Amino acid sequence: MSNELSTDGGPPAAALAAEAAAGAASGWTMVLPDEAATLRLAGVLAGELKANDLVTLSGDLGAGKTTFARALVRALAGDPELEVPSPTFTLMQLYEMAWGTVVHADLYRIGGPEELEGLGWDEAADGALVLVEWPDRAGGELNADRLDIAFRLMPQAGSTQRLVVLTGHGAWVPRLERLKGIRTLLDRTGWGDASRVVIQGDASTRQFERLTKPSGETAILMIAPPRVPGPPVRRGKPYHVIARLSDTVHAFIAIDKGLRALGFSAPRIYGADPDAHLVLVEDLGTEPIVGPDGPIAERYGEGVLALAKLHTTTLPDVLPVTEGRDHVIPPYDLEALLIEAELLLEWYAPHMAQKPVSAVARSEFVSLWTRLLAEVVAAPATWTLRDFHSPNLFWLPEREGVARLGMIDFQDTVLGHPAYDLVSLLQDARVDVPVELELKLLAAYAQARRAHDSAFDLAAFTRAYAVLGAQRATKILGGFTRLDRRDGKPAYLRHMPRIEGYLGRNLAHPALADLRRWYETHLPQLVADA
């Protein structure tokens, strides 16, 4: 299947396509050369549909609406042999699927929308996925959020060809645009015949799918819609702008290329459509760097060496995305670090501690953090990948050296202190890293840095490590609370005791004594066991 409009039928087919597309600017027009293509379209759409969706089938008599509906029901059921009779005489056919009900209706024989009530339409359609042939008979009674699929005969092009126009209405407009972008990208890169399975994503709005070709080859499709700006929180700017979080897939593409050019195992990009917010990348597998008993020392050690290599390399701060488009890596500046730390005041204190912080205490908090972070920000900066921890790192034993560590989730890379990524790994938010292993790996990092530069200042580095470790733990405590209270993701709360433990480790550094006293005074439960 393709959205290419050229066919062996010549100009008549092109004229029909142009005519249809002119009335469906938000739609998707294609020519299906034969019944196999129709079946394939049904299979593609089956993977996108869900309960409460409405699909209307319109167009020429005998153009294949029922054939398509039958194929779609079978694809939804996962049963190519399922008996799917035409509902021409029964008007409605119901199919119970494992996930819900599918209603297939043919309204050709009803006189008008007033007859729907007598059919028990509202009861049958409630919560179901509904396919409707001859939807015009229902007048304005059908849901405004719908996908319309119009079939047109193409006698000039041959008896088997059909012109099909998909048009999204209401909530279906962006859904159809996304589907069109995905299918175009997959067909262009040779992955059009791959099956798609949704895989678990991260705390962001991005979605991920694992694609599998009939040959068994796999890839990952990243769907990363533009970040929806939140309300202004400071000087008219939303949080994500102040915190230097990426807006689009451009940053991912640029950093991915930059890492691979340095010999790191970021995923190869098979294809991308930055304007559609889609990237198709290499599947780095599922082999983690943690085991049943926690961190695997060798794999964490490779992560440490990878960071040491990155931090001893002269790196650009501008990277190409596509021809004529560059990505400027933003600084991890004081403003960004402070607003992240303040998540503790905005979310953790009032919700988890049930103790909102006073204006005076807030001012002292910001003042203490400003003093500590100013020194960190003034130090020489490097690429800070920002999410360099176990969920985003995979083990690739068939590769050599630092390439054995597969890296993903680096689209929020900034120019910051090298200690940030090291503390992200060695104080892993999702797995307990014993103090003994942390200190051993910290020493290995220092040794690698000193091998490159004998003037490497370990004391200054460990001070920055403690400051950024405390900042990161403070940020995560607030961020995980926000994920629970605002986004309805309570699973992150199970990590809170671990983060509190890391916070205590960092606040034990003498340089953070004043900050520790602030926590002891205003949020004592965070450092009670430290």
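Keep in mind that the numbers below use all heavy atoms, side chains included, and drop hydrogens, waters and symmetry copies. Note that this is a predicted model, so its numbers are computed, not measured.
- I289 is listed as a side-chain neighbour of Y300, based on a closest heavy-atom distance under 4.5 Å.
- A donor-acceptor pair under 3.5 Å is formed between the side chain of T413 and the backbone N or O of F410.
- Salt bridge present: D187 and R40 bring a charged side-chain N and a carboxylate O closer than 4.0 Å.
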Candidate pair S390 and D428, rule side chain to side chain donor-acceptor pair (under 3.5 Å), full reasoning
CA-CA 7 Å; S390 60; D428 197 313; 2.9 Å; yes
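- Look at D333 and R244 and you find a salt bridge, because one of the NZ, NE, NH1 or NH2 atoms lies within 4.0 Å of a carboxylate O, short of that distance.
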Could you give me the CA-CA distance, side-chain angles and deciding distance for R268 and D256, then say whether salt bridge (Lys or Arg N to Asp or Glu O under 4.0 Å) is met?
CA-CA 8 Å; R268 285 177 292 158; D256 184 282; over 6 Å; no
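- Taking every heavy atom of both residues into account, A46 and L76 meet most closely at O-CD2, 3.7 Å.
- Annotation: side chain of D484 is not in contact with side chain of K489 (no heavy-atom distance under 4.5 Å).
- Using cut-offs of 30° and 60° on the angle between ring planes, the pair H351 and W347 is parallel.
- Between the CG atom of L49 and the CG atom of L72 there is a distance of 6.0 Å, given to the nearest 0.5 Å.
- Although no hydrogens or angles enter the test, the distance criterion places a donor-acceptor pair under 3.5 Å between the side chain of R183 and the main chain of G192.
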Name each donor-acceptor pair under 3.5 Å that joins a side chain in residues 431-443 to protein atoms two or more places apart or in another chain, with its distance.
unit_1: D432; atom_1: OD1; unit_2: R498; atom_2: NE; d: 2.8
unit_1: E438; atom_1: OE1; unit_2: R505; atom_2: NH1; d: 2.4
unit_1: E438; atom_1: OE2; unit_2: Q427; atom_2: NE2; d: 3.0
unit_1: E438; atom_1: OE2; unit_2: Y465; atom_2: OH; d: 2.6

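- In this structure the side chain of D145 never reaches within 4.5 angstrom of the side chain of N52, judged on heavy atoms.
- Expressed to the nearest 0.5 Å, how far CG of L368 lies from OH of Y519 amounts to 9.5 Å.
- Rounding to the nearest 0.5 Å places CE of M222 at 6.5 Å from CD of Q411.
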Evaluate D148 against T167 for side chain to side chain donor-acceptor pair (under 3.5 Å), listing each step before the verdict.
CA-CA 5 Å; D148 182 70; T167 306; 5.1 Å; no
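- Interatomic distance, CH2 of W191 versus CG of L221, reported as 11.0 Å (0.5 Å rounding).
- Relative to the ring axis of F264, K309 places its NZ or CZ within 45° and under 6.0 Å from the centre.
- Side-chain contact check for R196 versus L186: some heavy-atom pair is nearer than 4.5 Å.
- A pairwise comparison of heavy atoms in P267 and L284 identifies CD-CD1, 4.0 Å as the closest pair.
- Taking the side chain as every heavy atom from C-beta outward, L45 and L147 approach each other to under 4.5 Å.
- Looking only at atom types and distance, the side chain of S424 has a donor-acceptor partner in the side chain of R472 under 3.5 Å away.
- Put simply, the side chain of D317 never gets that close to the backbone of I329: no donor and acceptor are under 3.5 Å apart.
- For D487 and R482, the salt-bridge test fails: no basic side-chain N is under 4.0 Å from an acidic carboxylate O.
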Verdict with supporting geometry, I199 and E209, side chain to side chain contact (heavy atoms under 4.5 Å, CB included)
CA-CA 5 Å; I199 56 179; E209 297 180 0; 5.8 Å; no
Working note: M496 + Y348, criterion side chain to side chain contact (heavy atoms under 4.5 Å, CB included); need CA distance, chi angles, decisive distance, verdict.
CA-CA 10 Å; M496 300 290 260; Y348 181 90; 3.8 Å; yes
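- Under the 30°/60° scheme for interplanar angles, the aromatic rings of F480 and Y492 are found to be tilted.
- The side chain to side chain donor-acceptor pair (under 3.5 Å) check on D247 picks up H240, with sequence neighbours excluded.
- A distance-only check finds no donor-acceptor pair linking the side chain of D79 to the backbone of A75 [under 3.5 Å].
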Report the C-alpha distance between R386 and D421 in whole Å, list the side-chain angles of each, state the deciding distance to 0.1 Å, and finish with yes or no for salt bridge (Lys or Arg N to Asp or Glu O under 4.0 Å).
CA-CA 6 Å; R386 219 166 180 180; D421 279 345; over 6 Å; no
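- Counting heavy atoms of neighbouring residues, nucleotides and ligands inside a 6.0 Å radius, atom CD of E123 does not exceed 12 of them.
- Distance CD/E287 to CZ/R404: 12.0 Å, rounded to 0.5 Å.
- For the pair W383 (side chain) and H311 (backbone), a donor-acceptor distance under 3.5 Å is absent.
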Audit row: V103, L131, side chain to side chain contact (heavy atoms under 4.5 Å, CB included) steps and yes/no:
CA-CA 6 Å; V103 176; L131 313 176; over 6 Å; no
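- In summary, D409 and R206 engage in a salt bridge, as defined by a charged side-chain N under 4.0 Å from a carboxylate O.
- Looking at N392, its side chain does come within 3.5 Å of a backbone N or O of D387 through a donor-acceptor pair.
- Residues T322 and P274 have side chains in contact (heavy-atom distance under 4.5 Å, counting atoms from C-beta outward).
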Tell me, with the steps shown, if V132 and V55 meet side chain to side chain contact (heavy atoms under 4.5 Å, CB included).
CA-CA 6 Å; V132 181; V55 178; over 6 Å; no
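- Not one N or O on the side chain of D53 forms a donor-acceptor pair closer than 3.5 Å with the backbone of L129.
- Under the 3.5 Å distance criterion, the side-chain polar atoms of R175 are left unmatched by any main-chain donor or acceptor of G168.
- Using a 4.5 Å cut-off on side-chain heavy atoms (C-beta onward), L211 and I220 make no contact.
- Between E346 and R486 there is no salt bridge, since no side-chain nitrogen of the basic residue lies less than 4.0 Å from a carboxylate oxygen of the acidic one.
- Contact between A403 and L396 at its shortest, heavy atoms only, is O-CD1, 3.8 Å.
- A donor-acceptor contact shorter than 3.5 Å links the side chain of T370 to the backbone of V366.
- Interatomic distance, CG of D273 versus NZ of K180, reported as 11.0 Å (0.5 Å rounding).
- Side-chain contact annotation: Y332 with E340, donor-acceptor N/O pair under 3.5 Å present.
- When side chains are defined from C-beta on, L54 counts as touching L142, because their heavy atoms get closer than 4.5 Å.
- No donor-acceptor distance shorter than 3.5 angstrom exists from the side chain of R325 to the backbone of P320, with no hydrogens or angles considered.
- Nearest approach of L334 to V377, heavy atoms of both residues: N-CG2, 3.8 Å.
- Shown here are the side-chain contact (heavy atoms from CB on, under 4.5 Å) partners of V318, two or more places apart in sequence or in another chain: D326, V328.
- V290 and P295 make their closest contact through CG1-CA, 4.1 Å (heavy atoms, listed as atom of the first residue, atom of the second, distance).
- Aromatic ring centroids of F461 and Y445 lie under 6.0 Å apart.
- For the residue pair A379 and H417, the shortest heavy atom distance occurs at CB-CD2, 3.5 Å.
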